[in-house]
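Everything on this sheet refers to the single structure shown next.
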Amino acid sequence: MNAISARVLVVDDEKNVRLTLRQALEDLGLTVEIATDGTEALARLDKTDYDLMLLDLRMPGLSGMETLEHVRRQHPDLPVVIVTAHGTVKNAVQAMRRGAVDVLLKPISLDALRTLVDQVIREPSASPNATPYEEWMQLATWHLRYQRTEAARHCLNEALNQDETRPAAHTMLGILEGAEGNTEAARQHLEAAVARDGDPAMAQLLLDRLQEDAPFPIDRPASLLTSSDSPSDDDSSLSVRAAPSRAESEDDMPHRVCAVLDESVADGVTAAHRALATLAADSARAHASSELLLLTTVEVPWQLALSQAEEVHQKRIQEATWQLEALAETLEESRLHVHPVVVVAHQAAAVVENTVTERSVQHLVGLWPGANGATSDADSGWTDALRTVSCEATLLRPGATPPQSGGVTNVTAFITDSPDAPFVARRAREWAQSQGVAGLTLLTIQHDDGTTSRDDLEHRGHRLLWDVADRAGLSDEQYKGRVLVSKDVQATAHRCASACDRICIGAGQEASWAKPAADSFAGRLAASTEVPIALVRGAHSSSAPSFLEALRNRLIG
């Protein structure tokens, strides 16, 4: 679709809003037409094809919600964006459920409008090395995201014409047909996907649902393009685009830390839960303006609607809420605001992803899988979110034994040349400050492979520590640098770990975030000591999951 020829219909009863949107959209090279109410908009739709509709919710006569329902029935491929004021966000949530693709808040931010147009109207460019099949799949996903189901179906069929042996197009066609109630067509496509080479897990899950006559697990295909749960009536579940206010500018925005506590907190706050919340609070307190979220997800089966789940698990939800509130009271102080949050959902990872995005969380803290007495497989579900969220993250393995009677005397950060190193040093400083420990050590172990002199390795190590400390904002008085040169880095790390009271270490590329204790340097180091260990990852640019990856995340919960 060529954006220069794209046609937009603006529907709003306020003259100033219509004029503002028209001028802004025309400046972007779009053709704009105006309707003052829902009735006029539907009449225009019967005569003209549009590429996008901007629709106000509050209008005299035919309301925006009623107009949206007519549009979805008569023009299912037309993307509709709701334009609303802050006071009607809950209505906007309902509009999203009924097929709107996005929301713009009044007063309109021109940057947000430009971004929206880029996303909805301008077709994505294919990757340089993409095959024709992949190009059609990419375009199908884009159409599906903005409710253009017929256009998506056309692209998927074109993809099959290019390569009929790959399962993804069959799976997506199965989703389209299943969502529209075409059970037999859905079954045929899903069976074809399962029969193809590759990983048929998602298609098989959907096929099993159909064979068991279970409800198809989506209300509209586009809802599966992200791994988030269906929006609730809570305003915080809605993604809206608005110009940042002065209070929410980058300088004034509070530093938000989210502590993810597993559902077992409903049975009582354990030492592991308390240690996790304390570490998260320490991180939050390191900033002048800060907030701490204590987040717990009560996970329920996909077969159970969330509204039903809240009734069935009402007692469990209340117990978790009470426990978090009690924990929050022990952490709250004038400089730190603590907010307990209990969410009922089908998948903890989706809740974490939404929370990080909607609450602008800068630091995510959770228990190392298996650290609260469960197996690694049993409690690692929420850590799937760490693959996609872009904020700083820390996994804590609390100590199996309490510190000696003398208390904590040493916090050691194992420093490497990874990008995570400054975050590791910063976390160690926060930990040391909260424990009243002066002995913060930045330790690096340089590998002696026989090709470099010992003096050069020591000099390299000191340069590394100076650089990391500087980037972490540590002064010379706040840490002691230690450089070791060894032919066996692992053995040396084990010896050092046995003398530490607290250890911070970077996640590194070899550490799997779903199972960080599995065959990584951090895991092998953890095996040599029982002291608390924080596995730290810095903020990074996340890569959004593909359509089928998001589908897998939602179905395998």
Any side-chain heavy-atom pair of [X] and [Y] under 4.5 Å:
{"X": "W368", "Y": "L396", "value": "no"}
{"X": "I505", "Y": "V536", "value": "no"}
{"X": "L442", "Y": "L474", "value": "yes"}
{"X": "W431", "Y": "L279", "value": "yes"}
{"X": "L484", "Y": "T444", "value": "no"}
{"X": "H313", "Y": "V344", "value": "no"}
{"X": "C496", "Y": "R482", "value": "yes"}
{"X": "C391", "Y": "H363", "value": "no"}

Closest approach of [X] and [Y], non-hydrogen atoms and distance?
{"X": "L294", "Y": "A277", "answer": "CD2-CB, 4.2 Å"}
{"X": "F414", "Y": "A497", "answer": "CZ-N, 4.4 Å"}
{"X": "A100", "Y": "I82", "answer": "CB-CG1, 3.7 Å"}
{"X": "L331", "Y": "L292", "answer": "CD1-CD2, 3.9 Å"}
{"X": "A328", "Y": "P340", "answer": "CB-CG, 4.0 Å"}
{"X": "E299", "Y": "A348", "answer": "OE1-N, 3.2 Å"}

Those residues that, when tested against [X], pass side-chain contact (heavy atoms from CB on, under 4.5 Å) (two or more places apart):
{"X": "R495", "value": "A491, T492"}
{"X": "S498", "value": "none"}
{"X": "A284", "value": "V257, S290, L336"}
{"X": "R426", "value": "F423, R429, E430"}

Polar side chain donor-acceptor pair, N410 to T441, under 3.5 angstrom: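 N410 vs T441: donor-acceptor pair found between side chains.
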Looking only at side chains, do R427 and T394 share a donor and an acceptor under 3.5 Å apart?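 A donor-acceptor contact under 3.5 Å links the two side chains.
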How long is the gap from [atom1] on [X] to [atom2] on [Y], to the nearest 0.5 Å?
{"X": "L295", "Y": "C258", "atom1": "CG", "atom2": "SG", "value": "4.5 Å"}
{"X": "L440", "Y": "Q478", "atom1": "CG", "atom2": "CD", "value": "8.0 Å"}
{"X": "D448", "Y": "S486", "atom1": "CG", "atom2": "OG", "value": "8.0 Å"}
{"X": "L113", "Y": "L28", "atom1": "CG", "atom2": "CG", "value": "6.5 Å"}
{"X": "D420", "Y": "D417", "atom1": "CG", "atom2": "CG", "value": "11.0 Å"}
{"X": "H273", "Y": "L261", "atom1": "NE2", "atom2": "CG", "value": "5.5 Å"}

According to ring pair (Phe, Tyr, Trp, His ring centres under 6.0 Å), who are the partners of H287, at least two apart in sequence or on a separate chain?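 Scan of H287 (ring pair (Phe, Tyr, Trp, His ring centres under 6.0 Å), adjacent residues dropped) gives H255.
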Partners passing side-chain hydrogen bond (donor to acceptor under 3.5 Å, both in side chains) against [X] (at least two apart in sequence or in another chain):
{"X": "T297", "answer": "none"}
{"X": "D118", "answer": "R122"}
{"X": "D470", "answer": "none"}
{"X": "T296", "answer": "none"}

Output every pair passing side chain to side chain donor-acceptor pair (under 3.5 Å) with a member in residues 316-325, not counting sequence neighbours, ordered by first then second residue.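 As it turns out, the side chain to side chain donor-acceptor pair (under 3.5 Å) pairs with a partner in residues 316-325, which skip direct neighbours, are E263-R316, D267-R316.
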Whether [X] side chain and [Y] backbone form a donor-acceptor pair below 3.5 Å:
{"X": "E329", "Y": "A326", "value": "no"}
{"X": "R114", "Y": "A24", "value": "no"}
{"X": "Q446", "Y": "V485", "value": "no"}

Show the atom names and distances, to 0.1 Å, of all donor-acceptor pairs under 3.5 Å that link a side chain in residues 451-464 to residues at least two apart or in another chain.
from : atom 1 : to   : atom 2 : distance (Å)
T451 : OG1    : D449 : OD1    : 2.6
T451 : OG1    : D449 : OD2    : 3.3
S453 : OG     : D456 : N      : 3.2
S453 : OG     : D456 : OD2    : 3.2

Any pair with a residue in residues 280-289 that passes salt bridge (charged side-chain N to carboxylate O under 4.0 Å, His left out), sequence neighbours left out, goes on the list, sorted by first then second residue, please.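 Sorted pair list: D282-R285, R285-E333.
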Determine whether L395 and L386 satisfy the following criterion, side chain to side chain contact (heavy atoms under 4.5 Å, CB included), listing intermediate values before the conclusion. CA-CA 10 Å; L395 294 185; L386 293 171; 4.1 Å; yes
Output, in order, the C-alpha distance, side-chain angles, deciding distance and verdict of side chain to side chain contact (heavy atoms under 4.5 Å, CB included) for H339 and E291. CA-CA 8 Å; H339 306 286; E291 293 180 0; 4.0 Å; yes
Let's go through D501 and V411 carefully: what are the C-alpha distance in whole Å and the side-chain angles of both, what is the deciding distance for side chain to side chain contact (heavy atoms under 4.5 Å, CB included) to 0.1 Å, and is it a yes or a no? CA-CA 6 Å; D501 297 316; V411 177; 6.0 Å; no
Under the side chain to side chain contact (heavy atoms under 4.5 Å, CB included) criterion, do V298 and V343 qualify, and how do the steps go? CA-CA 6 Å; V298 178; V343 180; over 6 Å; no
